[in-house]
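In what follows, a structure is listed as structure tokens, so that the remarks can point back to it.
Note that the structure is a prediction, hence the values are computed from the model and not measured. Along the sequence shown, residues are numbered consecutively beginning with 1.
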Amino acid sequence: MPSSLLPAAISSSLIASLLTMLVLFYVQHLNVHVRTTRCWTLAYTFLVLRSVCNLLAVNHAPLLVLAADIFMLAYVCFLWAGTRIFYGVTVHVMPVMLGFALAVMWLLMTFLTGATLFWRTLPVYCLAGCMLIAAGVTFWRMKSDKHSLGYLVLGVLIFLKGVHLLDFPLLREHAEFASLGFGIGAFLDLAIGMLFMVAALLRQQEDAYRINENLLQEIHGRQQVERMSKERSALFEKVFQMVPDVLAICREKDGCYLDVNRHWETVTGYSRDETLGRFSLEMNLWADPEKRPEMLAILAREGEVNNYETIYRHKNGHEYPVLISGTRFDAGSEPYIAYAMQDVTALRRVEKLQVQVERELHEREKLLATVFQLVPDILTITRMSTGQYIDVNRNWEPMSGYSREYAIGRTSNDLNLWAKPEQRDELIARIKKDGEVRDMQVSFRRKTGLVTQSRISGSKFEAGNEEYLLLSSRNIDNEIAAEATRLQVESLLRENEHKYSTLFQLSPIPLGLVDVKTDRIVEVNDVWLTEFGYTRDEVVGQLTSALGFDDQLEKRKEFDLALLRDKKVDQMEIHLKIKDGARLIFLLSARLIKMRNKRMCIFSLLNVTRQVEVEHEIREMTAQLEERVKLRTLNLQQANAELASAMASLRHTQDELVRAEKMAALGSLVAGVAHELNTPIGNSVTVASTLQDKTRELMLDIKEGKLKRSSLDAYVDTASKGTELLMRTLGMARELIRSFKQVAVDQSSSHRRNFDLQTVLEELIVTMAPMYKNSSYTLLTDLAPGVNMDSYPGPLGQIVTNFMTNALTHGFEHRASGEMRLVTHLLDNDSVQITFSDNGMGMNEHVRKRVFDPFFTTKLGQGGSGLGMNIVYNLVTGVLGGEIQLHSQPDQGTTFIMTLPLVAPQIVNENNPRDIDKETGFEAGSAP
């Protein structure tokens with residue numbers, strides 16, 4: 001039997017819900033946040049219906065209980081939607097309706113299948129409780145408003161209501177708890193409803209205040225527009241008065257002046273007050289009144305008149321010429337005319353002076369003729385149409401052997417001046433095309449027959465209706481002789497430089513050349529680049545400090561002192577950092593020389609890192625031998641205990657590893673890429689932020705007038721070093737990203753040629769010798785002689801390089817020694833087989849299946865990109881047109897067998913040659 005308190009508790013909940021519904025309905029009727037209050041009113045309407053169903057279902061009416069649960073869902077949905085609308089968040093109706101429909105279907109299905117009341121209501125009430133908790137959190141997030149306390153209390157109450165719904169399925173069948181629950185629910189419903197009403201009224205008040213603020217801003221804007229209109233009127237009046245010409249505005253129908261600017265009185269003599277209200281004939285301004293109707297006719301016909309010249313009469317009676325321009329315009333319903341008038345008295349005076357100028361021009365022509373004769377070069381003037389000489393200066397006769405009187409009227413062909421007639425044709429063509437010629441070298445023949453070299457310049461000009469050509473020529477026989485001597489000396493210098501450069505590059509020891517004054521690297525040999533891992537572009541022109549050569553200041557000071565004192569340094573031990581970050585030990589020797597009037601330092605670096613490391617390892621091994629015995633005994637005991645635990649864990653994780661295999665590959669790729677890119681990008685961000693701070697400090701000093709030369713020099717030095725570091729780190733990131741993207745091989749190459757396979761592979765092995773020459777790893781070769789190929793040696797070298805790199809990095813990992821073999825033999829007249837093998841650790845089945853996949857590597861996150869073997873596969877099967885096979889077993893080494901055609905397949909765009917990158921096989925300068 002239900003408790004007697006249960007109907008009373010349900011009745012109290014019904015009354016509280018009904019009262020709250022009526023209050024919210026009244027607030028909605030007052031148009032206070034209509035959409036929000038409408039949702040809340042509907043929510044409490046469904047809450048009233050739920051209370052009615054619960055009251056009627058006290059005697060265990062299952063259908064009424066089901067209806068009460070459905071009304072409860074509707075109550076929660078509308079309360080949540082009203083909260084979202086009140087908060088200004090979009091309510092997506094379809095997902096809410098879909099969720100409501102699914103919950104109702106769950107209730108109906110569990111009701112029809114006879115499920116217990118607990119399992120039928122638990123999901124529904126959990127969903128409803130979570131939605132109310134979310135609504136409470138929404139109000140709690142509004143606590144930053146000026147009514148934060150009220151919103152916080154409302155959020156807490158809705159949160160408690162949601163928690164109350166969560167425990168409803170647990171206590172529903174216990175009447176002693178159910179009556180208490182309905183009582184608490186009635187209190188929460190009433191408190192929440194009243195606070196809903198207060199929140200809606202407060203929000204309405206805030207909206208009204210915001211609308212009032214907007215109206216005030218609009219009124220302020222209109223006042224600004226009116227003020228700007230007045231200012232523009234004042235500005236127009238000021239511009240009207242400040243225009244340097246005379247401006248006048250009059251009515252078209254009677255010609256009455258309505259306004260004139262301040263220059264009117266200066267030109268006409270009439271003041272503004274004397275002019276306004278009168279017209280020009282009344283003021284006797286026109287010296288010839290017949291001109292006025294003529295101007296008005298032009299204005300009526302064309303709508304404007306430009307620079308109409310007439311004579312005006314001043315108030316004092318004197319006449320003066322003016323230019324009048326005018327235009328018609330409408331203002332209101334009446335046409336007006338605006339005039340601009342300019343006094344051209346001064347212009348007429350200038351015209352009178354023109355005659356005098358022409359007379360002076362004649363005198364200047366005489367002066368130019370004198371200068372024409374005195375110029376040290378040979379000057380000639382010829383007529384373009386006939387080529388006849390019009391005039392020559394006094395230097396003509398010593399050069400040509402002909403007198404001035406004999407040459408004038410004749411052409412260069414008549415005088416047989418051109419030793420090479422085609423040069424004359426070229427000169428005429430360039431003159432006609434460009435109008436001039438500059439420093440053209442030609443051969444002239446003198447009257448005696450002697451041929452001399454001259455440099456001529458000239459341009460054509462017009463005089464009257466004729467075109468003339470002015471040429472200036474200068475004998476350059478002495479210059480040519482001096483130039484020949486200079487070229488001979490430079491040729492000898494180049495030969496010597498080539499000899500020394502060849503010796504410099506072929507040295508087996510790393511060599512470098514540094515400018516002592518600037519401390520910049522001028523040149524390094526190929527062995528130096530291989531030793532330190534840089535490219536030539538990254539080194540040449542850089543400061544030695546930029547490459548990490550100055551991190552030992554004491555050693556640098558000692559080196560500089562010895563070099564300046566003795567002009568040489570021998571066998572100085574230094575520690576240097578190469579490009580990949582490793583620190584190596586070198587013996588530095590240097591000599592101070594003078595080259596091209598500059599002091600240069602040529603230095604050599606002998607790598608003794610391995611010898612020093614071996615000595616250090618021997619000393620450490622001797623000292624640590626006894627300690628290792630103790631540690632190994634302790635580690636053996638710990639390993640036995642850990643082995644027992646690992647065996648149990650291994651059995652448990654064996655099944656999980658199979659399912660996690662695919663996800664592990666993807667995770668490793670992402671982690672490796674992120675790890676490789678983190679360092680250069682992090683360094684770039686640090687440098688960029690430092691430059692930003694330094695720039696902000698410099699701008700502050702400039703703004704406050706505190707900028708000093710020392711501060712500017714410090715900033716320039718910081719910016720220079722920062723940008724160099726930034727470009728270097730970003731270049732590293734760019735190369736990493738390009739390596740990750742360069743999976744597909746470009747199907748074109750410009751390095752196709754005929755070559756001997758044995759010679760190419762031997763040259764390649766020589767360049768790769770530094771990779772293993774100082775180690776216990778060896779490379780044995782058996783190369784068939786006389787194998788000629790028409791193919792791409794660049795990609796072939798890339799393939800062999802990748803094989804050796806993988807063997808040294810992966811195959812011989814944790815191995816003290818190893819052996820690699822490279823074998824070639826001719827299969828037939830069309831193909832050759834190249835075999836590369838090693839006796840390293842080999843591959844398991846999983847690695848063999850994926851070794852040619854892009855981004856697959858066993859060193860991901862440790863410097864490996866997973867692209868090397870994929871690039872090899874694409875080069876073999878694509879560019880070289882062959883096949884590749886892999887044979888490998890764990891601890892039995894690895895063998896790659898390539899079958900290549902002697903004549904590579906033709907690339908589609910081979911007629912448009914493009915370079916292939918030596919490291920990636922991609923076209924140089926193109927994106928993958």
Could you tell me whether the side chains of [X] and [Y] share a donor-acceptor contact shorter than 3.5 Å?
X: Ser837; Y: Thr895; value: no
X: Gln758; Y: Glu762; value: yes
X: Asn874; Y: Thr877; value: no
X: Thr535; Y: Asp537; value: no

[X] side-chain N/O to [Y] backbone N/O, donor-acceptor pair under 3.5 Å:
X: Thr609; Y: Ile585; answer: yes
X: Arg536; Y: Val524; answer: yes
X: Asn607; Y: Phe586; answer: no
X: Thr723; Y: Ser720; answer: yes
X: Ser888; Y: Gly893; answer: yes

Parallel, tilted or perpendicular, as decided by the 30° and 60° cut-offs, for the rings of Phe836 and Phe803: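 Judged by the thresholds at 30° and 60°, the geometry between Phe803 and Phe836 is parallel.
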
Criterion side-chain contact (heavy atoms from CB on, under 4.5 Å) on Met440 and Arg430, from CA distance to verdict: CA-CA 10 Å; Met440 179 179 176; Arg430 291 171 63 176; 3.7 Å; yes

Should the pair [X]-[Y] be classified as a salt bridge under the 4.0 Å nitrogen-to-oxygen rule?
X: Arg438; Y: Glu436; result: yes
X: Asp790; Y: Arg753; result: no
X: Asp425; Y: Lys420; result: no

Do you know which two heavy atoms are closest between [X] and [Y], and how far apart they sit?
X: Leu764; Y: Gly797; value: CD2-CA, 3.6 Å
X: Met869; Y: Asn806; value: SD-ND2, 2.8 Å
X: Pro793; Y: Phe755; value: CD-CE2, 3.7 Å
X: Leu880; Y: Tyr792; value: CD2-O, 3.9 Å
X: Ile509; Y: Ser604; value: CG2-CB, 4.0 Å
X: Asp828; Y: Asp830; value: OD1-N, 2.8 Å

Between atom [atom1] of [X] and atom [atom2] of [Y], what is the distance when rounded to the nearest 0.5 Å?
X: Leu606; Y: Glu573; atom1: CG; atom2: CD; value: 11.0 Å
X: Asp756; Y: Glu763; atom1: CG; atom2: CD; value: 9.5 Å
X: Ile765; Y: Met820; atom1: CD1; atom2: CE; value: 9.5 Å
X: Lys598; Y: Lys517; atom1: NZ; atom2: NZ; value: 8.5 Å
X: Ile871; Y: Asn802; atom1: CD1; atom2: CG; value: 6.5 Å
X: Leu592; Y: Leu563; atom1: CG; atom2: CG; value: 4.5 Å

side-chain contact (heavy atoms from CB on, under 4.5 Å) between Gln833 and Thr835, worked out: CA-CA 7 Å; Gln833 186 177 86; Thr835 303; 4.0 Å; yes

Is the closest side-chain heavy-atom distance between [X] and [Y] below 4.5 Å?
X: Phe559; Y: Leu588; result: yes
X: Leu761; Y: Thr824; result: yes
X: Asn754; Y: Met789; result: no
X: Leu584; Y: Leu605; result: no
X: Val540; Y: Glu523; result: yes
X: Val522; Y: Met600; result: yes
X: Phe852; Y: Asn870; result: no
X: Trp418; Y: Leu427; result: yes

So for atom [atom1], which belongs to [X], do other residues, nucleotides or ligands contribute more than 12 heavy atoms lying within a distance under 6.0 Å?
X: Arg821; atom1: CZ; result: no
X: Tyr873; atom1: OH; result: no
X: Glu845; atom1: CD; result: no

Trace of the side-chain contact (heavy atoms from CB on, under 4.5 Å) decision for Met572 with Ser589: CA-CA 7 Å; Met572 176 183 287; Ser589 299; over 6 Å; no

Test applied, side chain to side chain contact (heavy atoms under 4.5 Å, CB included); reference residue, Ile884; option that passes from Thr899, Leu875, Val876: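 Going through the options one by one, the only one that passes is Val876.
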
Check against salt bridge (charged side-chain N to carboxylate O under 4.0 Å, His left out), Arg815 and Asp891: CA-CA 11 Å; Arg815 293 189 176 229; Asp891 297 326; 3.3 Å; yes

Residue pair Asn839, Phe812: steps toward the side-chain contact (heavy atoms from CB on, under 4.5 Å) verdict: CA-CA 8 Å; Asn839 61 351; Phe812 299 145; 3.5 Å; yes

